[in-house]
Colleague: 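Have a look at this one.
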Amino acid sequence: MRILIYSYNYYPEPIGIAPLMTELAEGLVKRGHEVRVVTAMPNYPERQIYEGYRGKLYVNEYKNGVQIQRSYVWIRPQPNLLDRVLLDASFVVSSFLPALFGFSPDVILSTSPSLPVCIPTTLLGWLHDCPVVLNLQDILPEAAVHVGLLKNKFLIQVFATLEKFAYRTATKISVIADGFVDNLRSKGVPANKIVQIPNWVDVNFIHPLPKENNAFRKAHNLDGKFVVLYSGNIALTQGLETVVKAAAALRDLPDIAFVIVGEAKGLQRLQQECQDIGADNVLLLPFQPREKLPEMLAAADVGLVVQKKNVISFNMPSKIQVLLASGRALVASVPDNGTAARAIKQSGGGVVVTPEDSQALAAAVLDLYQHPEKVKTLGYNSRQFAIEQYSFDQALNNYESLCYSVKAQTPVIESTVVSKQQV
């Protein structure tokens, strides 16, 4: 089968959708499918085009059997509203040309964000007379409006119209959590058009490793410490200031160390926050190479998931699956009624505290520090749940079945749909 993946984010970007789409594309190739990816010049999370790709309109390359067709995008390190609109618009326009060149696909798989990509993928589906699967990693514009990123009424209406167009023209819509299903159903999307396939983690790559003789711990003087780790995007929806404040509340306990790994600009902002409140037990580090990710996760006693209280309920950070697979206890400062909280509670691998409440976060960390057996139990539960619910092979089976089913224009087989009870 020939599969075209249309995704703004792809390798070598280290976090978010990029690793997921990279693993999916390469996994499909290993199963004998022909895969090409239409994507942007790599720029996330620093929002700067990576060296080696700057000053170029198009780049065509191959990695692990996947053809990667990259195109120029308008990107600014600190984008305002106009910059964000131009980013989406530039990708829609620039990506369409390379998408026309290459094999004629049997199936198109499009990821959202970016939502405006539904325009070129719909045109390509029409030109090639092939089905289009819309993979929803977030629901726009609703999520952006909810956290205050999108306030312009005209643009909200434009994106709402795009959303309706995307749902109507897609052959199938794959979603990553049950909250997405409820949201789409409330908007009139037929149930038989929705397929629920959670995001995954490669449980063979991300797996529990001993803390002893851990190179990450040694390199950063963390041996003998109770390490609380956050690794990921540092943006408006996370509110990492809550973590810094929680660390400051525990600074009199020298055995507890907080480690935050993220992009440079976010770290600079947090560095000032640490200085202002005296959180000298916080270590701020840049993103590590992906091959060192299992070792970094294994250096932690506790992994953090952090969201602001205004994050919309269906948001499901992909870092949850990664932390669970690492076999570490989780502390989640997230809305209690959200998809993330439900997943962590059901896993039995973590505790959930009120978002933006630094005292509650500090209390949860302190409790785990004082009860090492609880940490071990939560870590064991995390790993087991990841293996049972979020394995890559299971997700790959589901996406492969989905592609076959839409190609044949037959109903999706029951095994591709994950019930609400499983998420």
Colleague: Using a strict cut-off of less than 4.0 Å between a Lys/Arg side-chain nitrogen and an Asp/Glu carboxylate oxygen, indicate whether Arg342 and Asp336 qualify as a salt bridge.
Modeller: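 No, this pair does not count.
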Colleague: Is it true that Phe258 and Tyr230 have ring centroids separated by less than 6.0 Å?
Modeller: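 Ring centroids of Phe258 and Tyr230 are no less than 6.0 Å from each other.
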Colleague: Do Tyr399 and His33 make the cut of ring centroids closer than 6.0 angstrom?
Modeller: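 For Tyr399 and His33, the ring centres are not under 6.0 Å apart.
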Colleague: Without hydrogens or angle criteria, can the side chains of Thr111 and Asn135 be said to hold a donor-acceptor pair below 3.5 Å?
Modeller: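 The answer is no; no qualifying pair exists.
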Colleague: Would you check if there is a donor-acceptor pair between the side chains of Asn398 and Glu400 at a distance under 3.5 Å?
Modeller: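 Note: Glu400 and Asn398 side chains miss the donor-acceptor criterion.
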Colleague: Is the shortest side-chain N to carboxylate O distance from Glu241 to Arg269 below 4.0 Å?
Modeller: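 Answer for the salt bridge query: yes.
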Colleague: Which of these passes side chain to side chain donor-acceptor pair (under 3.5 Å) with Asn43: Tyr50, Tyr8, Tyr53?
Modeller: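 Passing option: Tyr8.
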Colleague: Under a 3.5 Å threshold, yes or no: a donor from one side chain and an acceptor from the other, between Gln275 and Asp280?
Modeller: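 No.
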Colleague: Report yes or no: is the cationic atom of Lys63 (NZ for Lys, CZ for Arg) closer than 6.0 Å to the six-membered ring centre of Tyr11, at no more than 45° off its axis?
Modeller: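 Verdict for Tyr11: a cation-pi partner in Lys63.
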Colleague: Could you go step by step and tell me if Ser114 and Asp88 meet the side-chain hydrogen bond (donor to acceptor under 3.5 Å, both in side chains) rule?
Modeller: CA-CA 7 Å; Ser114 154; Asp88 276 341; 2.9 Å; yes
Colleague: Would a 4.5 Å heavy-atom cut-off, applied to side chains only, mark Ser174 and Leu134 as touching?
Modeller: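 Of all side-chain heavy-atom pairs linking Leu134 with Ser174, none is under 4.5 Å.
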Colleague: Please determine if Glu212 and Arg217 form a salt bridge, counting it only when a charged side-chain N lies under 4.0 Å from a carboxylate O.
Modeller: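 Result for this pair is no, no salt bridge flagged.
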Colleague: Take Arg290 and Glu23, measure what salt bridge (charged side-chain N to carboxylate O under 4.0 Å, His left out) needs, and give me the verdict at the end.
Modeller: CA-CA 13 Å; Arg290 181 160 178 79; Glu23 290 170 354; 2.8 Å; yes
Colleague: Give a yes-or-no answer on whether the side chains of Ser7 and Thr39 include a donor-acceptor pair shorter than 3.5 Å.
Modeller: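 No, no side-chain donor-acceptor contact under 3.5 Å.
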Colleague: State whether Lys292 and Glu295 are salt-bridged, where the test is any N-O pair (Lys NZ or Arg NE/NH1/NH2 against Asp/Glu carboxylate O) under 4.0 Å.
Modeller: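 So Lys292 does not pair with Glu295 through a salt bridge.
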Colleague: Is the number of heavy atoms from other residues, nucleotides or ligands within 6.0 Å of NZ (Lys187) greater than 12?
Modeller: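 Yes - once you tally the heavy atoms of other residues, nucleotides and ligands closer than 6.0 Å, there are more than 12.
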Colleague: Please determine if Asp301 and Lys211 form a salt bridge, counting it only when a charged side-chain N lies under 4.0 Å from a carboxylate O.
Modeller: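 Here Asp301 pairs with Lys211 in a salt bridge, since their nearest N and O are under 4.0 Å apart.
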Colleague: Could you tell me if the side chain of Tyr44 sits less than 4.5 Å from the side chain of Asn233, heavy atoms only?
Modeller: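 SC-SC contact between Asn233 and Tyr44 confirmed.
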